[in-house]
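Atom set for the values below is all heavy atoms of this structure, side chains included, hydrogens, waters and symmetry mates excluded. Keep in mind that what you see is a predicted model, and the values were worked out from it rather than measured.
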Amino acid sequence: MSLETAKRIEMGDMQGHRGPTQVSAAKDYYSRSRREIRSLLPSRASRILEVGPGAGFTLLWLKSIYPDATTFGVELNQALEADLREHADVAIIGDIDELISRVGSKFDLILLLDVLEHVPDPTRTLQAITRKLLMDGGRVIVSVPNIAHLSVTVPLLFQRRFAYTDSGILDRTHLRFFVEDTAVKLFNDSNLVVKDGLITGLEGPKSMMLDRLTLGLLTHHLAKQYIMAGELTGGPVAQPRINWKKSRLIS
């Protein structure tokens with residue numbers, strides 16, 4: 001769900017038009033913590049920044065892992081400010097491009113989860129954030145949707161249908177789309193090398209069975225997201241082969 005979708009839901013509620021499905025979708029989205037990134041986290045972190053944290057539940061979870069860290073959240077949706085202030089040490093409302101100078105010194109962990117597909121120039125945004133805010137040796141974790149997922153390609157191939165939705169891979173507010181190669185290129189063009197990679201979307205029994213039956217040939221067509229953890233390089237990027245891990249259900 002995008003920030004724009006959330007705003008539409010909020011306006012519907014103010015006018016008395018919000019339905020129970022919309023209420024549930026908004027609540028589930030903003031109360032979610034991204035625990036699937038656990039295997040990508042560094043062993044230590046002292047200053048953590050999340051861009052687009054929503055209500056801040058991922059930052060709250062990270063605080064349980066790094067209790068001495070200071071957590072920062074930069075969120076565009078002003079309606080989430082109260083919740084974010086409750087769940088993060090520092091909450092800043094506004095656009096990250098305008099607020100880079102307000103977050104102070106650099107960070108050793110930066111998260112951009114489901115963010116870069118919503119901006120006009122993801123490479124420029126990622127470059128600006130990591131060059132100015134990521135410590136040497138720090139880690140940035142980014143997630144982007146996979147447009148090659150079967151839910152997109154099968155209707156396109158057999159029905160010539162490409163329909164935008166209010167959330168998911170074809171969220172109508174997505175400005176950019178990615179496959180594996182372009183996701184990795186996004187990192188490399190930003191002078192980042194992918195150190196670890198995670199695929200989501202194979203958690204369900206049907207997806208796991210199909211992945212096994214095809215001996216992994218459909219893995220990248222079952223992937224809903226690529227989640228990458230990377231570090232800055234001092235020069236041209238020599239990207240080693242990525243051994244993509246497969247996300248499993250986490251309670």
Just by modelled atom types, is the P122 backbone N or O under 3.5 Å from a matching donor or acceptor in the T125 side chain? no

Any chance you could measure D121, atom CG, to L126, atom CG, to the nearest 0.5 Å? 10.5 Å

Test side chain to side chain contact (heavy atoms under 4.5 Å, CB included) on T219 and W244; report intermediate values, then the result. CA-CA 10 Å; T219 294; W244 294 100; over 6 Å; no

Apply ring-ring contact (aromatic ring centres under 6.0 Å, His included) to H174 and H118, showing your working. CA-CA 5 Å; H174 287 179; H118 294 276; 4.8 Å; yes

Heavy-atom count around F162 CZ within 6.0 Å, excluding the residue itself: above 12? yes

Do any N or O atoms from the side chain of E75 and from the backbone of G54 form a donor-acceptor pair under 3.5 angstrom? yes

Under the side chain to side chain contact (heavy atoms under 4.5 Å, CB included) criterion, do E180 and N146 qualify, and how do the steps go? CA-CA 7 Å; E180 179 191 9; N146 175 32; over 6 Å; no

CA sep, side-chain torsions, deciding dist, call: D114, S143, side chain to side chain donor-acceptor pair (under 3.5 Å): CA-CA 6 Å; D114 302 342; S143 69; 2.9 Å; yes

Using a cut-off of 6.0 Å, state whether more than 12 heavy atoms not belonging to K106 lie near its atom NZ. yes

Verdict with reasoning, R176 to L116, per side chain to side chain contact (heavy atoms under 4.5 Å, CB included): CA-CA 8 Å; R176 292 290 185 269; L116 293 176; over 6 Å; no

Side-chain donor/acceptor of T71 to backbone N/O of D89, under 3.5 Å: yes

Side chain to side chain donor-acceptor pair (under 3.5 Å) with S247: which of E36, E203, Q225, R38? E203

Could you go through I141 and L113, starting from their C-alpha distance and side-chain angles, then the distance that decides it, and tell me whether this counts as side chain to side chain contact (heavy atoms under 4.5 Å, CB included)? CA-CA 7 Å; I141 300 177; L113 306 176; 4.1 Å; yes

If we ignore hydrogens and angles and just use 3.5 Å, is the side chain of R85 paired with the main-chain N or O of V90 as donor and acceptor? no

I'd like to know if R44 pairs up with D108 as an ion pair, taking the criterion as any Lys NZ or Arg NE/NH1/NH2 lying under 4.0 Å from an Asp or Glu carboxylate oxygen. no

Determine yes or no for a side-chain-to-main-chain donor-acceptor pair under 3.5 angstrom, with R131 supplying the side chain and N191 the backbone. no

As a test of understanding, state which of L192, L232, L109 forms a side-chain contact (heavy atoms from CB on, under 4.5 Å) with V140. L192

Indicate the ring-plane relationship of F57 and H87, choosing parallel, tilted or perpendicular according to the 30° and 60° boundaries. tilted

Quick check: are there more than 12 heavy atoms from other residues, nucleotides or ligands sitting under 6.0 Å from NZ of K195? no

Out of N188, D189, T182, which residue meets the side chain to side chain donor-acceptor pair (under 3.5 Å) rule with K185? D189

Between F107 and F72, is the ring centroid distance below 6.0 Å? yes

Would you confirm whether K63, through its side chain, and A69, through its main-chain N or O, come within 3.5 Å as a donor-acceptor pair? yes

